[in-house]
Amino acid sequence: MAVERTNRDVRTLITQIAAGEIMLPEIQRGYVWKASQVARLIESLYRGYPAGSLLFWKTGETAETREAAIGVAQNLPSVMPLYLLDGQQRLTSLFRVLTDHSDAQVVFNIETEAFQNQSAATRRNKKWIKVYDAVGPEADVFAIHGELKGAGLSIVDSEIGRRLSALQKITQRDFHMEVLHDFEYEEVADIFVRVNSGGRALKTTDLALATLSARSPGFLGQLEAESAHWAKQGYGALDVNFLIKALTLTLSTTGKRLASVAKLTAASPGALEAGWARVQRGLARVVPLLRDKLLIPTTALVPSLAALHPLVFHYGQRPESTATDETENGLLYWFLAATARNRYGGATDTALAQDIRMLDAENPVAALLSNLGIQEGGISVSSADLTGRNHQSPYLMFCYLAAAHAGATDWWDGGSIAGTPGESSKPQYSLVHPAVKLRGCATKYSSAEINELANIVFVSEDTAKNIIGSRPPSAYMQDVGHSDRTAHAIPDDPAVFSPEGYREFLAARRELLAQRITHLLDQFRPAFLTGNTQAEASRTPNSLTLSAYTGAGRRVLAAEALSGDLMWTGWIDPADFEAALDAAASGLASDVAVGDETAPLRIDDEGGVTFSLGPFVIRGSLDEWLTAVKDAFESAQPLEECPEPHDEHWSADPEEFLLSNAGVRKTD
């Protein structure tokens, strides 16, 4: 065994990737970099900053590989390839930029020397040039230089030439390389884990995959094939991470904790094979139940995938012949109740450990429901539960299901909304009362009111464009059949179809939706839950609203939090916050400016992102946070309308608050 140290320039490395002389071993993770990270890498090379070293493995044995996300097929190598252990994100990004990949259109501002991804604005501005056009194999720098002379630049001609030359030299930058010769695969996997744990934080599933790949070559391919199978059926969120978690759970729980990844990676080949068979059996039973009985066409509707794990575990452990309608309905009722109660909105491992253990009880459905505190009459949903909720609420799924089970159809083509949406797609929806009409109404409606769940209807883009458009319901609802209105829980009173009657519309539709959702729950309610269901009182008086404000070249993200009887308002620096979320995607924690102080943004052990803000420690997935910020800034409000920040530090201990319960004020 030996370690070779050498250097190669970017152009040579890109050529080797195309020739198949650099390959990705199976232990590598997928490509995850965002466009902003790619642009920063190109900027670092342009400015001569250190870009890190690369780690390779060279061996005479055949290693399992995975496809590189470069957009083209690699050639068969004419020499023994180098297997890339560290540097995949950087080399893949460089390959994409230097081969004009559609997702890596990095552009350079010759005047400001800024880099970013291509946009409509940069296409129109002659000061921005695409990096590929300047460094690609057919680049004509003289022609580019000539065009820039007429762009009204504030820099002299010689400086234009210098900057173009520096841009071209990106492909000549050297990377330091270390090549491991003749190491065993298990040693390489251990090195991979050590190296990557010191950089971007690896999730426990990443560590498990690295070890499993070394011990069971080809196993990652099985996981990816299973995930692809379900993605084609609309269940794309059943990815490799979900499957690894499910496989870990099949190895049982011990005490109060879940089986650890260490137990998974230490499992014998026979135990691993048996566990994997149970996961596949469980999924083969659970997905049809969700799709055919609950009418959930896609995992995009499911607020927390963790709620699926007890179902997969239960059916994976049991032969198909033992299934009964009563048990099936009871487990689906638990799934719905757990979603309504946001059972898995916070720390999921504790809840999973409790619920998995209940599956061994004589009556597992009753035991699971007892963990939710449901023992007699069951649960129902009231109009108060839907008040102030928006599309990020778990109740979005329930509103969809209420319409689907009522046989709701699309108002444009008449097709059922319960049809399978297909791979990677989501159910479409629109606003019954268009935002433009409500904003122009003499009655002032807040953005939170405009975007309430009760104003959402599940119809296609064709309906939204050709029937609803910018018209109030009073102008189009008469063209919608009575049965279609009823199926979508649209009130009958014409008075609520005018913008002036919008608040009455919300109240009436909340009531109808609450009745429909409760009826749906009752369809699956187990017989042992006797008595009348009672609408539950609101379980928390706390609230949080995010609002965006812009003006005078300034942007502010304001958070208004209500805890008990106390109100707190904080101004978040959006640039800091967006950078922190970008870092969180790479597993890095950050501190974010909130007024004159800073607040920690952290990544927890279960992949959630927590942000300490005033009275709350707010928890949500990275996607939920990104969506919340995007929604807030899509159409921000004037800065002069921004509420003043709370000057005093929140002295009490913060409480956990789920981002899915927050309101996001935005205008469309």
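Predicted model, so just to flag it, every value in this text is computed and none were measured. Heavy atoms only: backbone and side chains are in, while hydrogens, waters and symmetry mates are out.
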A.B. asks: Under 3.5 Å, side chain of T122 to main-chain N/O of Q118, donor-acceptor pair present?
C.D. replies: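 Not a single qualifying donor-acceptor pair exists.
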A.B. asks: Search all heavy atoms of T112 against all heavy atoms of N109 and return the closest pair with its distance.
C.D. replies: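 That closest heavy-atom pairing would be N-OD1, 3.0 Å.
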A.B. asks: As an exercise, state the distance from CG of L512 to CG of L386, rounded to the nearest 0.5 Å.
C.D. replies: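 CG of L386 is found 11.0 Å from CG of L512.
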A.B. asks: Distance check, rounded to the nearest 0.5 Å: I110 atom CD1 versus K126 atom NZ?
C.D. replies: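 I110 atom CD1 to K126 atom NZ measures 15.0 Å (nearest 0.5 Å).
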A.B. asks: Hey, does T610 have a side-chain heavy atom less than 4.5 Å from the side chain of I618?
C.D. replies: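 When only atoms from C-beta onward are counted, T610 and I618 do not touch, as no gap falls below 4.5 Å.
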A.B. asks: Please enumerate all residues that pass ring pair (Phe, Tyr, Trp, His ring centres under 6.0 Å) together with H433, with sequence neighbours excluded.
C.D. replies: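 Checked H433 against ring pair (Phe, Tyr, Trp, His ring centres under 6.0 Å); matches are Y502, F505.
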A.B. asks: Does one side chain, of S154 or E111, offer a donor that lies under 3.5 Å from an acceptor on the other?
C.D. replies: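 E111 and S154 do have a side-chain donor-acceptor pair below 3.5 Å.
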A.B. asks: Any side-chain donor-acceptor pair under 3.5 Å between Y46 and E113?
C.D. replies: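 Side-chain D/A pair, Y46 to E113: present.
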A.B. asks: Can you find a pair of side-chain heavy atoms, one from V97 and one from Q105, that are under 4.5 Å apart?
C.D. replies: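 Not in contact.
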A.B. asks: Would you check if the side chain of T518 reaches a backbone N or O of V381 as a donor-acceptor pair within less than 3.5 Å?
C.D. replies: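 Between the backbone of V381 and the side chain of T518 there is a qualifying donor-acceptor contact (under 3.5 Å).
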A.B. asks: May I ask you to decide if K34's main-chain N or O and Q37's side chain share a donor-acceptor pair within less than 3.5 Å?
C.D. replies: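 Indeed, once roles are kept as given, a pair shorter than 3.5 Å links the two residues.
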A.B. asks: Set out, in order, the CA-CA distance, both residues' side-chain angles and the distance that settles side chain to side chain contact (heavy atoms under 4.5 Å, CB included) for R40 and I42, then state yes or no.
C.D. replies: CA-CA 5 Å; R40 286 203 300 270; I42 300 299; over 6 Å; no
A.B. asks: Looking at the rings of F242 and H309, which for Trp means the six-membered one, are their centres under 6.0 Å apart?
C.D. replies: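 Between H309 and F242, which both carry aromatic rings, the centre distance is below 6.0 Å.
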A.B. asks: Enter the distance from I603:CD1 to L622:CG here, rounded to the nearest 0.5 Å.
C.D. replies: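 Those atoms lie 8.5 Å apart.
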A.B. asks: For D355 and N371: C-alpha separation, side-chain torsions, deciding distance, then whether side chain to side chain donor-acceptor pair (under 3.5 Å) applies.
C.D. replies: CA-CA 7 Å; D355 291 339; N371 278 348; 2.8 Å; yes
A.B. asks: Would you say the side-chain atoms of R389 pair up with the backbone N or O of S393, donor to acceptor, closer than 3.5 Å?
C.D. replies: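 No; judged by distance alone, with no hydrogens or angles, the pair does not exist.
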A.B. asks: Taking R516 for the side chain and A487 for the main chain, is one N or O donor matched with an acceptor at less than 3.5 Å?
C.D. replies: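 It does hold such a pair.
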A.B. asks: Which label fits F115 and F108: parallel for a plane angle under 30°, tilted from 30 to 60°, or perpendicular past 60°?
C.D. replies: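 Ring orientation, 0 to 90° scale: tilted.
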A.B. asks: Would you give the length of the straight line joining atom OG1 of T387 to atom CG of L506, rounded to the nearest 0.5 angstrom?
C.D. replies: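 Taking OG1 in T387 and CG in L506, the distance rounds to 8.5 Å.
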A.B. asks: For R510, which of E504, E449, E452 qualifies under salt bridge (charged side-chain N to carboxylate O under 4.0 Å, His left out)?
C.D. replies: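 Among E504, E449, E452, the one meeting salt bridge (charged side-chain N to carboxylate O under 4.0 Å, His left out) with R510 is E452.
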A.B. asks: How many angstroms lie between CD in Q392 and CG in N451, if you round to the nearest 0.5 Å?
C.D. replies: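 Here the interatomic distance stands at 11.0 Å.
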A.B. asks: Which residues pass the ring pair (Phe, Tyr, Trp, His ring centres under 6.0 Å) test with Y476, sequence neighbours left out?
C.D. replies: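 Not a single residue meets the ring pair (Phe, Tyr, Trp, His ring centres under 6.0 Å) criterion with Y476.
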A.B. asks: Between D385 and S382, does any side-chain donor sit less than 3.5 Å from a side-chain acceptor?
C.D. replies: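 D385 vs S382: donor-acceptor pair found between side chains.
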A.B. asks: Looking at I456, is its backbone amide N or carbonyl O close enough to the side chain of R509 to form a donor-acceptor pair, meaning the two atoms are under 3.5 Å apart?
C.D. replies: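 Yes, R509 side chain to I456 backbone: donor-acceptor pair under 3.5 Å.
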A.B. asks: Is there side-chain contact between P427 and T298, with at least one heavy-atom pair below 4.5 Å?
C.D. replies: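 In contact.
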A.B. asks: Yes or no on side chain to side chain contact (heavy atoms under 4.5 Å, CB included) for T598 and V592, after CA distance, side-chain angles and deciding distance?
C.D. replies: CA-CA 5 Å; T598 59; V592 178; over 6 Å; no
A.B. asks: Would you name the heavy atoms of A51 and R90 that are closest together and state the gap between them?
C.D. replies: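 So the two residues come closest at O-NH1, 2.8 Å.
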A.B. asks: List the atom of W571, the atom of P643, and the distance in Å for their closest heavy-atom pair.
C.D. replies: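 Between these two residues, the closest heavy atoms are NE1-O, 2.7 Å.
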A.B. asks: If you look at every heavy atom in P600 and F611, which pair is closest and at what distance?
C.D. replies: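 Looking at all heavy atoms of both residues, the shortest contact is O-CD1, 3.4 Å.
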A.B. asks: Cut-off 3.5 Å, no hydrogens considered: what does the side-chain donor-acceptor table look like for residues 489-500, sequence neighbours left out?
C.D. replies:
residue : atom : partner : partner atom : Å
D493    : OD1  : A495    : N            : 3.0
S498    : OG   : A495    : O            : 3.4
S498    : OG   : G501    : N            : 3.4

A.B. asks: Could you check if a side-chain atom of S547 sits within less than 4.5 angstrom of a side-chain atom of E560, using non-hydrogen atoms only?
C.D. replies: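 Heavy-atom side-chain distance check passes, below 4.5 Å.
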A.B. asks: Would a distance-only check, ignoring hydrogens and angles, find a side-chain to backbone donor-acceptor pair under 3.5 Å from H405 to L294?
C.D. replies: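 Yes: the side chain of H405 pairs with the backbone of L294.
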A.B. asks: Check whether any side-chain N or O of R602 sits under 3.5 Å from a backbone N or O of S590 as a donor-acceptor pair, and report yes or no.
C.D. replies: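 Flag set: sc R602 to bb S590 pair under 3.5 Å.
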A.B. asks: Do the non-hydrogen side-chain atoms of F577 and L601 ever get within less than 4.5 Å of each other?
C.D. replies: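 SC-SC contact between F577 and L601 confirmed.
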A.B. asks: Please determine whether side chain to side chain contact (heavy atoms under 4.5 Å, CB included) holds for the pair T627 and H391, giving the CA-CA distance in whole Å, both sets of side-chain angles, and the decisive distance to 0.1 Å.
C.D. replies: CA-CA 10 Å; T627 299; H391 70 285; 4.0 Å; yes
A.B. asks: Hey, could you give me the SG/CG distance between C399 and L520, rounded to the nearest 0.5 Å?
C.D. replies: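 Interatomic distance, C399 SG to L520 CG, rounded to 0.5 Å: 11.0 Å.
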A.B. asks: Tell me the closest heavy-atom pair linking Y31 and A69, and the distance in Å.
C.D. replies: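 Looking at all heavy atoms of both residues, the shortest contact is CB-CB, 3.7 Å.
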A.B. asks: For W334, check ring pair (Phe, Tyr, Trp, His ring centres under 6.0 Å) against everything at least two apart and list the hits.
C.D. replies: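 Scan of W334 (ring pair (Phe, Tyr, Trp, His ring centres under 6.0 Å), adjacent residues dropped) gives none.
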A.B. asks: With heavy-atom distances below 4.5 Å as the criterion, would you say the side chains of T550 and V556 are in contact?
C.D. replies: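 No. Closest side-chain heavy atoms not under 4.5 Å.
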A.B. asks: Does F398 have any ring pair (Phe, Tyr, Trp, His ring centres under 6.0 Å) partners at least two apart in sequence or in another chain, and if so, which?
C.D. replies: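 Only Y395 meet the ring pair (Phe, Tyr, Trp, His ring centres under 6.0 Å) criterion with F398.
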A.B. asks: Using a 3.5 Å distance criterion without hydrogens, assess whether the side chain of S621 forms a donor-acceptor pair with backbone atoms of E624.
C.D. replies: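 Answer holds: yes.
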A.B. asks: For side chain to side chain contact (heavy atoms under 4.5 Å, CB included), just list the numbers for R96 and V106, CA-CA rounded to whole Å, side-chain angles, deciding distance to a tenth of an Å, and then say yes or no.
C.D. replies: CA-CA 10 Å; R96 287 177 160 214; V106 178; over 6 Å; no
A.B. asks: Given the side-chain rings of W568 and F616, with only the six-membered ring counted for Trp, is the space between their centroids under 6.0 Å?
C.D. replies: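 Centroid distance W568-F616: not below 6.0 Å, so no.
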A.B. asks: Do F657 and R619 have side chains that get closer than 4.5 Å, going by heavy atoms?
C.D. replies: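 F657 vs R619: side chains apart.
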A.B. asks: I'd like to know if the side chain of W625 reaches the main chain of V609, judged simply by a donor and an acceptor atom lying under 3.5 Å from each other, with no hydrogens or angles considered.
C.D. replies: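 Yes, the answer is positive, given that a donor and an acceptor are paired below the 3.5 Å cut-off.
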A.B. asks: Quick check on E641: does its CD atom have over 12 non-hydrogen neighbours (other residues, nucleotides or ligands) under 6.0 Å away?
C.D. replies: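 It does: E641 CD has more than 12 such atoms within range.
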A.B. asks: Could you tell me if the side chain of V594 sits less than 4.5 Å from the side chain of D573, heavy atoms only?
C.D. replies: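 The answer is no, as the side chains (C-beta and beyond) never meet within the 4.5 Å cut-off.
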A.B. asks: Looking only at heavy atoms, what is the nearest atom pair of V617 and S612, with distance?
C.D. replies: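 Result for this residue pair: CG2-OG, 3.9 Å.
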A.B. asks: Identify whether NZ of Lys or CZ of Arg in R555 sits under 6.0 Å from the centre of the six-membered ring of F633 and within 45° of that ring's axis.
C.D. replies: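 Yes, R555 lies over the aromatic ring of F633.
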A.B. asks: Do the side-chain N and O atoms of S36 and D582 include a donor-acceptor pair separated by under 3.5 angstrom?
C.D. replies: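 Present: a donor and an acceptor within the cut-off.
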A.B. asks: List for me each residue that meets side-chain contact (heavy atoms from CB on, under 4.5 Å) alongside T463, sequence neighbours excluded, and say none if there are none.
C.D. replies: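 side-chain contact (heavy atoms from CB on, under 4.5 Å) check on T463 returns D410, W411, W412, V459, S460, I467, I468.
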